[in-house]
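These notes are about the structure you will find just below.
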Amino acid sequence: MRRLTLLLLAACAFMPPAGLTATNSDEAAIRELLRAQTEAWNKGDGNAWAKDFAADADFVNVRGDVFRGRADIAARHSAILEGPFKASHLSLSIRRLTLLSPTVAIVETDHEVTGFQRMVPGIAPTASGVLRTHMKYVVLKSGGTWQFVAAQNTAILPPVQ
């Protein structure tokens, strides 16, 4: 956790020069993490879904629950993919990929989950049979490999009537 805090402070202090973007290989590597994560969800594999999180990553789910570490993130996702989200389908699109430094990126995504068995307590589907969320990831490149070090998922609630 201390490493993540120091990393984020350093990234916030870094003012990227105009036009700093991810290299083609960096962007491709980050996109591959998200592709693999989507595939894992659609196979119902919570361990594979969490495999690209750092061992000490933080994850905030749609209810605001905080999970610390890859093992905790994997356990929670295994439980929901075997329970209320069993046989569900995830579609993901990248809204924005911002390189803060050569080793730190922020990725903003839109998720759409369909085919779920039931909704988790405290969350309402965005529309009948559809849960849409915005997920924001902090991604760190260490030893030439990109990993998620933090993520927050925010449910898009149904319109107020």
Side-chain angles (χ1 to χ4, degrees), residues 1-43 45-74 76-77 80-81 85 88-114 120 123 125-127 130-159:
M1 188 64 196
R2 180 173 163 78
R3 178 186 76 146
L4 175 61
T5 302
L6 292 173
L7 170 70
L8 292 176
L9 287 172
C12 290
F14 177 78
M15 297 301 294
L20 178 63
T21 58
T23 66
N24 287 341
S25 62
D26 287 329
E27 185 171 334
I30 293 168
R31 287 180 181 277
E32 174 56 23
L33 294 180
L34 296 166
R35 187 209 60 75
Q37 193 177 63
T38 302
E39 181 179 288
W41 180 285
N42 292 333
K43 289 180 177 178
D45 189 339
N47 289 319
W49 188 89
K51 78 175 179 54
D52 292 313
F53 279 88
D56 61 347
D58 284 337
F59 179 83
V60 180
N61 74 1
V62 294
R63 291 176 25 93
D65 301 322
V66 178
F67 304 105
R68 299 211 190 304
R70 181 188 315 117
D72 197 18
I73 296 166
R76 179 61 183 141
H77 281 83
I80 66 167
L81 288 170
F85 288 100
S88 65
H89 180 79
L90 171 65
S91 298
L92 178 149
S93 62
I94 298 174
R95 194 167 3 101
R96 185 181 324 173
L97 192 159
T98 305
L99 192 67
L100 299 178
S101 79
T103 59
V104 179
I106 302 289
V107 183
E108 299 172 63
T109 63
D110 294 320
H111 291 207
E112 181 175 283
V113 179
T114 57
V120 294
I123 298 297
T126 310
V130 179
L131 175 63
R132 292 185 184 96
T133 70
H134 296 301
M135 178 96 83
K136 187 173 289 193
Y137 297 88
V138 178
V139 196
L140 172 67
K141 186 177 186 180
S142 178
T145 302
W146 288 95
Q147 281 191 312
F148 303 122
V149 294
Q152 181 160 348
N153 200 6
T154 303
I156 301 171
L157 299 176

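Values below: every heavy atom of this structure, side chains too, minus hydrogens, waters and symmetry copies. Quick note: residue numbers are just sequence positions, from 1. Predicted, not measured: the structure shown is a model, and the values here were computed from it.
- If you check the side chains of Gln37 and Tyr137, you find a donor sitting under 3.5 Å from an acceptor.
- Between Ile73 and Phe148, the closest side-chain pair of non-hydrogen atoms is not below 4.5 Å.
- Contact of the Arg35 side chain with the Arg31 side chain is not registered, since no non-hydrogen atoms from C-beta on lie closer than 4.5 Å.
- For the pair Asp26/Lys141, a side-chain contact is recorded, criterion being any heavy-atom separation below 4.5 Å from C-beta on.
- A donor-acceptor pair is defined here as one N or O able to donate and one able to accept, closer than 3.5 Å; such a pair exists between the side chain of Thr126 and the backbone of Ile156.
- How far NZ of Lys136 is from OG1 of Thr98: 8.5 Å, rounded to the nearest 0.5 Å.
- Leu99 contributes atom CG, which lies 7.0 Å from atom CD1 of Ile30 (distance to the nearest 0.5 angstrom).
- Looking at Asn153, its side chain never comes within 3.5 Å of a backbone N or O of Val62 through a donor-acceptor pair.
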Please determine whether side-chain contact (heavy atoms from CB on, under 4.5 Å) holds for the pair His111 and Leu90, giving the CA-CA distance in whole Å, both sets of side-chain angles, and the decisive distance to 0.1 Å.
CA-CA 7 Å; His111 291 207; Leu90 171 65; 3.7 Å; yes
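- The backbone N or O of Met135 lies less than 3.5 Å from no partner atom in the side chain of Thr133, so there is not a single donor-acceptor pair.
- We find the NE2-CH2 distance between His89 and Trp41 to be 11.5 Å, quoted to the nearest 0.5 Å.
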Could you walk me through whether Val113 and Val130 pass side-chain contact (heavy atoms from CB on, under 4.5 Å), step by step?
CA-CA 6 Å; Val113 179; Val130 179; over 6 Å; no
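- A salt bridge does not link Arg132 with Asp110: every distance from a Lys NZ or Arg NE/NH1/NH2 to an Asp or Glu carboxylate oxygen is 4.0 Å or more.
- Thr109 has its side chain within reach of Leu34: a pair of non-hydrogen atoms, C-beta onward, lies under 4.5 Å apart.
- Aromatic pair Phe85/His77: centroids not less than 6.0 angstrom apart.
- Here the side chains of Trp146 and Leu33 are in contact, with some heavy-atom distance below 4.5 Å.
- For Leu131 against Ala155, the heavy-atom pair with the smallest separation is CD1-CB, 4.4 Å.
- Taking 4.5 Å as the limit, every side-chain heavy atom of Ile94 sits out of range of all side-chain heavy atoms of Glu108.
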For residues 46-55, which side-chain N or O atoms pair as donor and acceptor with protein atoms under 3.5 Å away, sequence neighbours left out?
none

Could you give me the CA-CA distance, side-chain angles and deciding distance for Gln147 and Arg70, then say whether side-chain contact (heavy atoms from CB on, under 4.5 Å) is met?
CA-CA 11 Å; Gln147 281 191 312; Arg70 181 188 315 117; 3.6 Å; yes
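- Considering only heavy atoms from C-beta on, Phe67 comes within 4.5 Å of Asn61 through its side chain.
- In this structure, the salt bridge (charged side-chain N to carboxylate O under 4.0 Å, His left out) partners of Arg63, at least two apart in sequence or on a different chain, are Asp65.
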One pair to check against side-chain contact (heavy atoms from CB on, under 4.5 Å): His134 and Gln152. What are the steps and the verdict?
CA-CA 8 Å; His134 296 301; Gln152 181 160 348; over 6 Å; no
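- In this structure, the side chains of Val139 and Val149 stay at 4.5 Å or more apart for every pair of heavy atoms.
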